[in-house]
Amino acid sequence: MSDTRRKLTTIFCADVQDYTRLMGADEEGTLAALKRCREAMGRLIESHGGRVINTWGDGLIADFPSVVEAVRAAVDTQNELAGFNARRPADGRMLFRIGINLGDVIVEGDDLYGDGVNIAARLQASAAAGGIVISSTVYDQVRNKVAVGFEFLGPLMVKNVDEGVPSYAVKIGDARDETPPAGGYGPTRPQPQPQPQPIMPGDMAEARQAPGGRKLYGVLGVVAAVLIGINLLSWQGVFWARFPVLALAVVAALAWNRDQSRFNRKITLLAILALGLVGINLLTWTGQFWAVWPILGIAAVMGLRWSMRR
């Protein structure tokens, strides 16, 4: 008996607009750019809790247990790839189209099958280059949970599906002139696209730090300074402010880890925990570095997670 079952999941499909033309113009350069973009996409998918199921030619399919994280991964991907493409000539840009659907699928081994996958692929084919199109099942879950806009595109006809699938374009930046794919059911006017930034993909997360994040760091910094000031002005021989300041530093690190997408969030969380333990050990120093044992355990967990990454 084959290992076949069904599950409800979020399917993420992506491919490159005009890939055949790009290959015809520069095979080696196009393959190198595709590899670089896929590595960035795979890293962002994993950082949002997703899993790359398969790749073929210029295509990629992944699934996510969380609908919200799937859309966030798509937005982060298009934003990061916009920075990469900003450094390339206009006729050599590698623009991905992404489609996302929430549906019931057939699972056989590591592969997914069924209408849920077909709809995601059709949504992807209808997206503008550098854009994202989602189904109504995705929209219903994320409309009030993701800081982006949406544009209703109407019903999308899908093979083997009797009724049209209502679809939405995700608005993630300023629109760029783009023609929908031939024969597609996508938007009839230019789709909103990320504004290119003249920096490389690895720098994008740090370059676009959210204003809310900066405000939180500022508040934490002021609170830490006030605590230290109170401690010094009421000095009785004990620097008691060191513990709340350490706690504030950990909170700031956790907030940064929540918003960043450059590193694996779970591994980074373990690293923050290890540094917190080192801080506690040093602030309560009695001549013994007891933190070495829990840090060793954390390092072992981090090593296992790293070795098991796909």
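Since this is a predicted model, take the numbers as computed values, not measurements.
A pairwise comparison of heavy atoms in Arg97 and Ala128 identifies CG-O, 3.5 Å as the closest pair. Nearest heavy-atom pair across Leu277 and Pro294 is CD1-CB, 3.7 Å. Counting all heavy atoms, side chain and backbone alike, Gly276 lies closest to Val250 at CA-CG2, 4.5 Å.
The structure places CG of Leu81 at 10.5 Å from CG of Asp76, a figure rounded to the nearest 0.5 Å. Taking CD of Glu46 as the start and CZ of Arg51 as the end, the distance is 12.0 Å to the nearest 0.5 Å. To the nearest 0.5 angstrom, Phe96 atom CZ is 5.0 Å from Cys37 atom SG. Rounded to the nearest 0.5 Å, atoms CG (Leu156) and OG (Ser167) are 5.0 Å apart. Rounding to the nearest 0.5 Å places CG of Leu112 at 11.5 Å from CG of Asn118. Taken from OG1 in Thr55 to CZ in Arg38, the straight-line distance is 4.5 Å, to the nearest 0.5 Å.
A donor-acceptor pair is defined here as one N or O able to donate and one able to accept, closer than 3.5 Å; such a pair exists between the side chain of Asn231 and the backbone of Val238. Proximity of a side-chain donor or acceptor of Arg242 to a complementary backbone N or O of Phe239 within less than 3.5 Å is detected. At distances below 3.5 Å, not a single donor-acceptor pair connects side-chain atoms of Arg93 with backbone N or O atoms of Ala82. Asn101 places a side-chain N or O within 3.5 Å of a backbone atom of Gly116 that can act as its donor or acceptor partner. Distance alone, capped at 3.5 Å, is enough to place a donor-acceptor pair between the Thr30 side chain and the Leu22 backbone. A donor-acceptor pair under 3.5 Å is formed between the side chain of Ser66 and the backbone N or O of Glu69. Without hydrogens or angle criteria, Thr137 side chain to Leu102 main chain gives a donor-acceptor distance under 3.5 Å.
Taking the side chain as every heavy atom from C-beta outward, Val133 and Gln124 never approach each other to under 4.5 Å. Side-chain atoms of Leu273 and Leu269, non-hydrogen and from C-beta on, never get closer than 4.5 Å to each other. Using a 4.5 Å cut-off on side-chain heavy atoms (C-beta onward), Ile132 and Ile100 make contact. Residues Phe12 and Val71 are not in side-chain contact: their nearest non-hydrogen atoms beyond the backbone lie 4.5 Å or more apart. Contact of the Val68 side chain with the Gln141 side chain is not registered, since no non-hydrogen atoms from C-beta on lie closer than 4.5 Å. Using a 4.5 Å heavy-atom threshold, the side chains of Ile61 and Val52 count as separate. Contact annotation: the side chain of Val107 never approaches that of Arg6 to less than 4.5 Å [non-hydrogen atoms, C-beta and beyond]. The side-chain heavy atoms of His48 and Phe64, taken from C-beta on, include a pair separated by under 4.5 Å.
With Ile98 as the partner, the side-chain contact (heavy atoms from CB on, under 4.5 Å) test is satisfied by one option alone out of Thr77, Leu123, Val75, Ile134: Thr77.
Both Val219 and Leu227 sit in one connected hydrophobic cluster of ILVMFWY residues. Membership requires side-chain heavy atoms under 4.5 Å apart, directly or through other members. In this structure, Leu248 is a member of the same hydrophobic cluster as Trp240, with clusters built from ILVMFWY side-chain heavy atoms closer than 4.5 Å. Hydrophobic cluster membership differs between Ile272 and Val278, with clusters built from Ile, Leu, Val, Met, Phe, Trp and Tyr side chains linked at under 4.5 angstrom. The hydrophobic cluster containing Leu282 also contains Ile295, counting ILVMFWY residues as joined when their side-chain heavy atoms lie under 4.5 angstrom apart, directly or transitively. Under the 4.5 Å side-chain heavy-atom criterion for grouping Ile, Leu, Val, Met, Phe, Trp and Tyr, Ile119 is not connected to Ile106 through any hydrophobic cluster.
Between Tyr168 and Phe150, the ring planes lie perpendicular to each other; the angle is over 60°, past the 30° to 60° tilted range.
In this structure Asp58 satisfies the salt bridge (Lys or Arg N to Asp or Glu O under 4.0 Å) test with no other residue, sequence neighbours excluded.
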Between Thr10 and Asp63, is a side chain to side chain contact (heavy atoms under 4.5 Å, CB included) present by the stated rule, with each step listed? CA-CA 5 Å; Thr10 309; Asp63 76 332; over 6 Å; no
Working note: Phe289 + Asn281, criterion side chain to side chain contact (heavy atoms under 4.5 Å, CB included); need CA distance, chi angles, decisive distance, verdict. CA-CA 7 Å; Phe289 187 45; Asn281 195 165; 2.9 Å; yes
Verdict with supporting geometry, Lys7 and Asp104, salt bridge (Lys or Arg N to Asp or Glu O under 4.0 Å): CA-CA 6 Å; Lys7 73 172 181 178; Asp104 191 82; over 6 Å; no
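Environment of CH2 in Trp293: sparse, with no more than 12 heavy atoms of neighbouring residues, nucleotides or ligands closer than 6.0 Å.
A salt bridge is absent between Glu39 and Arg36: the closest approach of a Lys/Arg side-chain nitrogen to an acidic carboxylate oxygen does not fall below 4.0 angstrom.
For Arg43 and Ser47, the side-chain atoms include no donor-acceptor pair closer than 3.5 Å.
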